Amino acid sequence: MRLVLFGPPGVGKGTQAHLLVERYRLHHISTGDLLRAAIKADTPLGREAKQYISAGRLVPGRLVRTLAEAVMAEAGYDQFILDGYPRTVEQAEWLTAFLAEHDAPLDAVLSLRVPADRIVQRLSRRRIHKVTGESYHLDFNPPPPDVDPAHVVQRPDDRPEAIRKRLQVYEEETKPLETYFRAQGLFVELDGVGPIETVFQRIEAVLAQRTTAS
Ligand code: AMP
């Protein structure tokens with residue numbers, strides 16, 4: 001199974017990706033996570049990407065392309081879920097060509113739909129465990145009492161100015177991919193509002209239908 005999780009920042013792509021990984025034993029390929037790991041490791045790529053990320057802008061496509069293609073190759077070009085890649089039409093064209101070369105077409109692009117005001121609410125109250133990467137929400141999913149509060153931090157790009165920038169970048173550069181993937185018959189839109197498990201059940205229903213249909 002080869003999937004893309006699509007949608008603006010803050011719709012729950014990372015959360016749903018983790019559940020999909022557990023359920024279907026997929027490799028989770030999050031270009032955002034890969035970039036943050038490169039920043040933490042202070043690699044040349046990480047140093048180049050850093051200022052784009054904290055400003056809420058897209059990093060140059062060649063950097064994410066290298067990261068994403070290496071991990072898809074490691075996964076044997078199968079059993080993966082892409083989260084945060086592709087984010088531009090150019091990246092989608094690279095992906096389509098890359099997968100065609102390896103005879104490994106996508107099965108579906110799952111798009112989570114959440115109203116904009118909820119997205120801002122989710123992102124601005126999101127906190128991350130800086131060691132485990134676990135994601136929390138101060139109101140709906142607060143860190144458990146045994147977690148050291150010093151480890152719970154806000155992502156620099158979850159500050160209000162960066163959130164606004166990321167949403168604007170999404171509208172301008174990423175949303176046009178909807179048309180691209182619709183034309184390939186891959187685009188499936190799902191309601192991303194509701195408890196995490198409910199959204200996951202919607203995803204499972206779509207996958208069950210598409211697997212039976214193919
Ligand atoms: P995410 O964790 O997916 O929200 O990504 C965090 C940030 O990493 C984004 O706001 C971008 O700055 C950068 N990034 C992640 N994936 C990509 C991509 N496919 N293309 C360009 N920049 C990306």
Side-chain angles (χ1 to χ4, degrees), residues 2-18 20-21 27-72 80-99 106 109-112 114 116 118-130 132-137 153-178 180-181 192:
R2 289 174 290 268
L3 302 172
V4 170
L5 266 183
F6 188 81
V11 291
K13 297 191 293 294
T15 305
Q16 295 300 327
H18 284 119
L20 283 161
V21 164
H27 299 261
H28 179 203
I29 306 177
S30 155
T31 41
D33 285 352
L34 292 168
L35 289 166
R36 282 184 288 277
I39 292 173
K40 209 168 164 187
D42 200 25
T43 66
L45 188 151
R47 284 196 289 277
E48 189 176 346
K50 190 171 180 175
Q51 73 270 26
Y52 293 96
I53 296 189
S54 30
R57 296 168 54 205
L58 294 183
V59 307
R62 65 189 157 79
L63 301 181
V64 280
R65 180 187 192 179
T66 310
L67 289 172
E69 290 186 359
V71 188
M72 283 185 275
F80 62 76
I81 178 149
L82 287 167
D83 164 6
Y85 183 82
R87 259 176 154 103
T88 62
V89 172
E90 183 186 43
Q91 291 178 16
E93 285 168 351
W94 288 338
L95 177 65
T96 305
F98 176 78
L99 292 178
L106 288 174
V109 174
L110 306 172
S111 172
L112 298 175
V114 173
R118 290 223 190 190
I119 289 181
V120 176
Q121 189 201 30
R122 283 187 187 184
L123 289 176
S124 58
R125 303 289 284 163
R126 176 163 74 176
R127 295 295 181 272
I128 305 289
H129 193 288
K130 66 178 179 189
T132 63
E134 186 81 28
S135 179
Y136 304 109
H137 186 284
V153 295
Q154 186 173 42
R155 268 171 52 169
D157 58 346
D158 279 346
R159 306 225 160 86
E161 349 49 271
I163 294 176
R164 273 195 294 278
K165 183 68 190 168
R166 285 161 71 202
L167 291 172
Q168 183 201 339
V169 167
Y170 175 80
E171 285 299 318
E172 289 170 7
E173 305 206 39
T174 308
K175 201 162 191 295
L177 282 184
E178 264 186 48
Y180 178 89
F181 284 124

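The analysis underlying the following values was restricted to heavy atoms, covering all of them including side chains, and did not include hydrogens, waters or symmetry mates. Order of appearance sets the numbers: ligands from 1, and atoms from 1 within every ligand. The model shown is predicted, which means the values in this text are computed figures rather than measured ones.
- Of all protein heavy atoms, the one lying nearest to atom 15 (C) of ligand 1 is R87 NH1, 3.2 Å.
- Interface of R57 with ligand 1, defined as ligand atoms under 4.0 Å from a residue heavy atom, comprises 11 (C), 12 (O).
- Under a 4.0 Å criterion applied to the non-hydrogen atoms of D157, ligand 1 contributes the atoms 6 (C).
- With values rounded to the nearest 0.5 angstrom, F6 atom CZ is found 8.5 Å from K13 atom NZ.
- A salt bridge is defined here as a Lys NZ or Arg NE, NH1 or NH2 lying under 4.0 Å from an Asp or Glu carboxylate O, and D158 with R122 fails to meet this definition.
- Polar contact check, R36 against ligand 1: a nitrogen or oxygen pair lies under 3.5 Å apart.
- Applying the 4.0 Å criterion to heavy atoms of T31 picks out, from ligand 1, the atoms 15 (C), 16 (N), 17 (C), 19 (N).
- Counting atoms of ligand 1 from 1 in the listed order, those under 4.0 Å from a heavy atom of V59 are 21 (C), 22 (N).
- Distance alone, capped at 3.5 Å, is enough to place a donor-acceptor pair between the Q91 side chain and the R87 backbone.
- Rounded to the nearest 0.5 angstrom, Y136 OH and R125 CZ are separated by 15.5 Å.
- Between P9 and ligand 1, not a single N/O pair is under 3.5 Å apart.
- Contacts between V64 and ligand 1, counted as non-hydrogen atom pairs separated by less than 4.0 Å, involve the side chain only.
- Atom 13 (C) of ligand 1 has its closest protein heavy atom at L35 CD1, 3.6 Å.
- A salt bridge links K175 with E178: at least one charged nitrogen is closer than 4.0 Å to a carboxylate oxygen.
- Under a 4.0 Å criterion applied to the non-hydrogen atoms of Q91, ligand 1 contributes the atoms 18 (C), 19 (N), 20 (N), 21 (C).
- For atom 7 (C) of ligand 1, the candidate residues are L34, D158, I53; the nearest heavy-atom contact is made by I53.
- Taking every heavy atom of R155 and a limit of under 4.0 angstrom, the matching atoms of ligand 1 come to 1 (P), 2 (O), 4 (O), 6 (C).
- Between E48 and R62 a salt bridge is recorded (basic side-chain N to carboxylate O distance below 4.0 Å).
- Of the listed residues (R166, K165, E172), just one forms a side chain to side chain contact (heavy atoms under 4.5 Å, CB included) with V169, and that residue is K165.
- Counting only N and O atoms by type, the side chains of Y85 and S30 include no donor and acceptor under 3.5 Å apart.
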